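Quick notes on the structure that follows.
Worth saying up front: this structure is predicted, and the values here are computed from it rather than measured.
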Amino acid sequence: MYIVLAAIYGCLLSLMNTFNPQLSLYYGDWASSVMIHAIGLAALLPLAFTWGKPTGSARWYQYLGGLIGILTVVFINIGVNGLGVTSNLTLMLLGQVVSSSVVDHFGILGMKKVPINRGKVLAIAVMTIACVVMVVFSGESLQNISWAAVIASFASGMTMVGSRLANAGLAQRRGAGFSTIMNYVTGLAGSLVIFALMGFPVATPDPGAVTGVWRILMYTGGILGAAGIFLSNVIAPRMPALQMTLLVFVGQVFSGMVLDALLGKFSLGTLVGGLIIVAGMLINMRADRQRIREA
């Protein structure tokens, strides 16, 4: 069941990452960040404190999921602007794979230790090849590559894992609903502070920038994100970080291809890379089963 939920979480991320840029295009980056968190919080408020039963007090760093999530948004914006969507996505995956492997190997933030073995090294190598394939066939020009964008894209994957683990730790101690709403409370507070420090910059809405059904869908990113974070809080404590990363990414890639097809776009590199990532995921799962048998 949790495998399916992880894939659904990836689909929600894909939808959210499709709608949120439209809101940013219309209102500007930081105004849209405030709106996304405010909409998500408004959707959660009536229900969040009834989800999950508190089981104890939480550590201070487990309340930082929303603030870390702001960093993820900033890094993604830098990466997309400097490298393009596909290259950013692949480097973000590498950041998630590396950080998830480190978390599993050392049991960081209370996660169960899952030592890296030869099978996992092979799985990571296969996924690296998949990322190269996706970049090569993406059609995006890397001639004037920005190393700041490369680092930001990789870092976005690391912060995504960090935010996920912080939220999951809080969910274990205070309940999944409480953790989800705190993610949006801290994310909204952080976005408001940055928005204020920057002088409340709001883009002048261009009626032609977002048209048709996008005018409605662009406001739903916060709600989709809230649903996704709740699923993440339920799933993350129950499977290794690397396995969850791979399942989420598979859901994200293939739902993204469906969206691209509906929008009249298609990337052969994304399809081939996605299939190679599935192969890497299967190798990783086999390595996990082998480790269990040897334990």
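In terms of heavy atoms, Ala226 sits closest to Thr180 at O-CG2, 3.6 Å.
Tyr184 places a side-chain N or O within 3.5 Å of a backbone atom of Gly222 that can act as its donor or acceptor partner. For Ser191 (side chain) and Leu188 (main-chain N/O), no donor-acceptor pair under 3.5 Å exists by modelled atom type. Remark: the backbone N or O of Val97 is not paired with any side-chain donor or acceptor of Ser100 at under 3.5 angstrom. With hydrogens and angles ignored, the 3.5 Å screen pairs a side-chain donor or acceptor of Thr186 with a backbone N or O of Met182.
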Requested in this report: Please assess Asn183 against Ser163 for the test side-chain contact (heavy atoms from CB on, under 4.5 Å), listing each intermediate value before the final yes or no.
Outcome: CA-CA 9 Å; Asn183 178 88; Ser163 177; 4.1 Å; yes

**Report entry** Pair Met218-Tyr27, side-chain contact (heavy atoms from CB on, under 4.5 Å): steps then yes or no
**Finding:** CA-CA 11 Å; Met218 71 180 185; Tyr27 292 105; 4.2 Å; yes

Requested in this report: Tell me, with the steps shown, if Val150 and Leu91 meet side-chain contact (heavy atoms from CB on, under 4.5 Å).
Outcome: CA-CA 7 Å; Val150 170; Leu91 285 167; 4.1 Å; yes

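More than 12 heavy-atom neighbours from other residues, nucleotides or ligands sit within 6.0 angstrom of CE on Met16.
Judged by a 6.0 Å distance limit and a 45° cone about the ring axis, Arg59 is not positioned over the six-membered ring of Tyr61.
Judged purely by distance below 3.5 Å, without hydrogens or angles, the side chains of Ser156 and Thr72 never pair a donor atom with an acceptor atom. Looking only at atom types and distance, the side chain of Asn233 has no donor-acceptor partner in the side chain of Asn167 under 3.5 Å away.
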